[in-house]
Student: 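This is the structure I want to talk about, given as structure tokens.
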Amino acid sequence: MKILYGMQKPDEGTIAIDGEQVTFSSPGEAIARGIGMVHQHFMLADNLTVLENVVLGGEKLYGIGAKARKKIKEISDAYGLGVRPDALVEDLGVADRQRVEILKVLYRGAQILILDEPTAVLVPQEVDALFDNLRELKAEGLTVIFISHKLGEVLKVADDITVIRRGTTVGTADPKTATTKQLAELMVGSELPSPETRESTVTDVAMLNVQDLRLTATDPDGVVREVLAGIDFTIHKGEVLGVAGVEGNGQTELIEALMGMSIPDGGVITLDGKDISTTPTRKRREGGIGYIPEDRHRHGLLLESPLWENRILGHVTEKPNSKRGILDPKAARKDTERIVREYDVRTPGIEVTAASLSGGNQQKLIVGREMSHAPKFLIAAHPTRGVDVGAQAQIWDAIREARREGLAVLLISADLDELIGLSDTLRVIYRGRLVADADPATITAEELGTAMTGAARGHLEATDNPSAAADGDTTEDEAR
Amino acid sequence: MKKFDKDKVLLAIAGPALALVSAFLLTMIVLAASGVDPIDPLRVMIDQASYEDVQVLILNQAGIYYLAALAVAIGFRMNLFNIGVDGQYRLAAMISAVVGASVSLPGPLHVALIVLVAMVTGAFWSGIAGVLKAKRGVSEVVSTIMLNAIATALIAWLILPKNLGVQPPGSNDLTTGDIPESGWFPALTIGDGLEVYGFTFVAFALGVVYWFVLNRTRFGFDLRATGASESAAQASGVDAKKMIMTSMLISGAVAGLAGMPLLLGESHTYNLSFPVGIGFTGITIALLGRNSPIGIFFAALLIAFIDKASAGLDTAGYAKEIGTIMQGLIVIAVVVSYELVRRYGIRRQQQKVGQELAAGHALKTDNKEVAA
């Protein structure tokens, strides 16, 4: 992908566009040949309008005024993108931003579109809308490369599938005949893992209790905004509480409040009977909170440090890493080797830097590290994001294993199948509030997706008609 | 495993080697371009270093530099750029000289008091920058540069005879009065009255302490973790603000020590000719020595050598500023070549890990396919 977009040079091999061999040494050259890339993380300036964002860097094409606006309208209408050129990007939702990204690429005359995990941040309804857009593009003669690890989506939208594993093509498939199972087997080279949790291990011993947690933030322009409000929940020993929600609805803040990285404006957090509301992060960690961060590069690893130092990170005061303030590198190294072995971290050794491992292996190291300190309560934020299918299964196994032994887990994820499959209880977070709850045994991804957009509240009942779920609110009120 | 370690050592040496070779080449180009023989001045400098008295000068200077560079390195490990080592060092030397001259205590206590006052003064001065950074987010680069200027003005005012200073009879110099002999640090005498400051050995011993604290204690791990990734350190339970304060204070305290070899070993007073710019040289040395206590040791020796040996260039008919040019070029070369080597190292390791895994994995899948 990086090579196609000119960000990296290949050691060997050739790229041909329309039968003509090409080489790129910069993204600029790739763009000039009609290749456009929509990144997983959006590259938009929040405080500019859509029009400004689109023309940024492409001022020479159609200027920055009426001509550019006309062109944007034209593209938007032609492909049914529905983009409003004068809206501020910060006011747009994730799906709209993604359409702006696509438009930006088309504006520069792309004939080949690369989409990198475009559905990771979308709810199911938005995914369908995106697929409609992609079909429009296809109908207009554009080529789309759709990179995803969600097999169902690939089957739904693609005309031709290539499976890549560890940097080599392992096979091609025809979406008309292939099944997700076959694809997954190609991807991992073995059986398809599923997040399904079999027997319930929920006990009635409360491990973590959160009462009326509140957090406000002041925007740069002085407006005080509620980030978290009225958060109440209890996680029991052996229970996985899943929190569904579109990103940016308070999940990050909730995690930071639980970890002690930010100080909430109100509320009580109780872990295993002890009030930890004002306890500093390190004491909380020592007290048995394990943490799989949502952004492992920012919060979980020292990328340029060797693996064994990363094994110490977050647990520097605990055995086997140190004794009475003095580090014990020998014991830490030995234990790192154990983690590498037990959690199947694929690495040539423990002296290599964390940055040289793949995302899945980095994540397995983090999971192993957190599990090694017998946590009472685990915060798992997007534990399998950007992780290959094989590692995904291993991480799920690790969480399930710990849950059986009485671990309480807070699972925050954008992968609805993961949430439904792994959780014992489900809650939906929307604009900083837990607005709905659901039984993972009966709920479907679509119903959950509806609740994530704020359309449904209260207890979500599984019905054949998804729109009926929106009425769950009243049903529950009556029940009370 | 072995292979990676060998790589690591090679890469660690490659950085400084590349930097020094290119710095010397550049110096020769500069010399040639200005119409001077590019080789001869270097020969003169190396000649100089063969004299015993110059060697002692170099060693003494290296001790001073070593302390200043350690102070800078502590900041670097935590991702703080303490440019204020110079001001911290001068103010600490001045205040401790005043205190040392005004009391009389039995030997070791007197020395200990002077050293303690120097450390506290240095820590206080850097602590101002620490508070500003922790509480208000003021960049320590800006505040320490300003504190340097303030220290210069403050010292100039304090050393006036009407304040704390003394004007020795028949001299234009201003001093802080002489520290009695009980406040002198014993020196190592070699041959013809040549003295190696005793404090030089304290300086090098401090390097061992530095290594131990950073690499073998929880505190050191937290400090390095914060330097490597503040967000990750915070998530791991480090109080970032406290860490900024602590490391700034330690850096300042060590900076305060940088004046001690000279004060306790030779001048026994702070006067107008007390050296300026030690702290800046310390930055060069910390960079060149890659913040490692051993690296800094050799870097300090090298820079001290350039300093002291270039003094002899004058008598040989060359400008002694050649030494300054050389030091400047070393800084540039160090920054560039370390970054190049670092990037190369990361890329190389990633490739290697990829290759080794691919090879291992290929074996595995082969087996599976055979089994199936």
Side-chain angles (χ1 to χ4, degrees), chain A residues 8 11 165-168 170 189-190 255-256 259-262 280-286 289 291 293 295-306 309-310 312-318 321-329 332 346-358 361, chain B residues 1-9 11 212-243 342-343 345-362 364-369 371-372:
Chain A
Q8 208 167 46
D11 290 334
R165 183 170 82 220
R166 279 174 213 287
T168 51
V170 290
S190 61
I255 294 168
E256 285 182 356
M259 284 300 295
M261 287 151 73
S262 68
T281 307
R282 173 145 298 163
K283 284 269 177 300
R284 292 190 199 198
R285 285 202 159 222
E286 287 166 3
I289 298 187
Y291 179 35
D295 184 342
R296 55 180 164 267
H297 289 178
R298 268 174 60 75
H299 291 122
L301 294 169
L302 302 174
L303 287 174
E304 291 189 24
S305 300
E309 287 201 344
N310 276 287
I312 298 176
L313 185 73
H315 303 279
V316 65
T317 53
E318 293 163 69
N321 299 330
S322 71
K323 276 184 217 140
R324 288 186 294 277
I326 306 296
L327 292 188
D328 188 347
R346 308 242 165 108
T347 168
I350 58 166
E351 299 294 333
V352 300
T353 57
S356 49
L357 297 191
S358 72
N361 285 311
Chain B
M1 281 295 311
K2 264 266 163 63
K3 250 185 308 175
F4 277 101
D5 287 347
K6 214 170 99 195
D7 266 13
K8 231 169 150 182
V9 173
L11 283 175
F212 183 82
V213 169
L214 274 181
N215 293 297
R216 284 290 179 274
T217 65
R218 284 176 195 169
F219 168 76
F221 184 84
D222 283 347
L223 190 140
R224 284 185 294 130
T226 316
S229 164
E230 198 180 316
S231 51
Q234 222 163 355
S236 87
V238 177
D239 183 341
K241 285 184 177 170
K242 209 168 118 194
M243 204 38 131
R342 193 183 72 91
R343 285 188 196 172
I346 290 175
R347 227 185 21 244
R348 191 178 150 90
Q349 198 182 41
Q350 272 170 348
Q351 263 168 15
K352 247 188 175 157
V353 171
Q355 268 167 21
E356 271 182 47
L357 288 181
H361 189 76
K364 251 187 227 164
T365 38
D366 282 347
N367 292 341
K368 216 171 253 166
E369 269 158 25

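So you know, we letter chains A, B, ... as the sequences are listed, proteins then strands, and number each from 1. Only heavy atoms go into these numbers, but all of them, side chains included; no hydrogens, no water, no symmetry mates.
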Student: Between Ile312(A) and chain B, which part of the residue has a heavy atom less than 4.5 Å away: side chain, backbone, both or neither?
Tutor: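 Answer is both: backbone and side chain atoms of Ile312(A) are under 4.5 Å from chain B.
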Student: From Leu327(A) CG over to Phe219(B) CZ, what is the distance, rounded to the nearest 0.5 angstrom?
Tutor: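 Going from CG on Leu327(A) over to CZ on Phe219(B), the span is 12.0 Å.
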Student: Highest number of heavy-atom pairs under 4.5 Å with chain A: which of Ala228(B), Ala225(B), Gly345(B)?
Tutor: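 Of the options given, most contacts go to Ala225(B).
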Student: For a quick test of your reading: what N or O donor-acceptor pairs under 3.5 Å do the side chains of residues 230-238 of chain B make, sequence neighbours left out?
Tutor:
unit_1: Ser231(B); atom_1: OG; unit_2: Arg298(A); atom_2: O; d: 2.6
unit_1: Ser231(B); atom_1: OG; unit_2: Ser229(B); atom_2: OG; d: 3.4
unit_1: Ser236(B); atom_1: OG; unit_2: Ala233(B); atom_2: O; d: 2.8

Student: Between Glu304(A), His299(A), Arg296(A), which has the largest tally of heavy atom pairs under 4.5 Å with chain B?
Tutor: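 It is His299(A).
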Student: Pick whichever of Asp222(B), Asn215(B), Val213(B) has the most heavy-atom pairs under 4.5 Å with chain A.
Tutor: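 Winner by heavy-atom pair count: Asp222(B).
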Student: Need one label for Glu309(A): side chain, backbone, both or neither, based on atoms under 4.5 Å from any heavy atom in chain B.
Tutor: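 Both backbone and side chain.
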Student: With a 4.5 angstrom heavy-atom cut-off, could you sort out which part of Asp239(B) is near chain A: side chain, backbone, both or neither?
Tutor: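 Neither part.
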Student: Let me know if Arg324(A) has heavy atoms under 4.5 Å from chain B in its side chain, its backbone, both or neither.
Tutor: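 The answer is the backbone of Arg324(A).
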Student: Do you know which of Glu256(A), Met261(A), Arg285(A) has the most heavy-atom pairs with chain B at a distance under 4.5 angstrom?
Tutor: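 If we count pairs closer than 4.5 Å to chain B, Arg285(A) comes out on top.
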Student: Does any backbone or side-chain atom of Pro329(A) lie under 4.5 Å from a heavy atom of chain B? Answer side chain, backbone, both or neither.
Tutor: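 Only the side chain of Pro329(A) comes within 4.5 Å of chain B.
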Student: Can you tell which of Thr317(A), Thr281(A), Asp328(A) has the highest number of heavy-atom pairs within less than 4.5 Å of chain B?
Tutor: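 It is Thr317(A).
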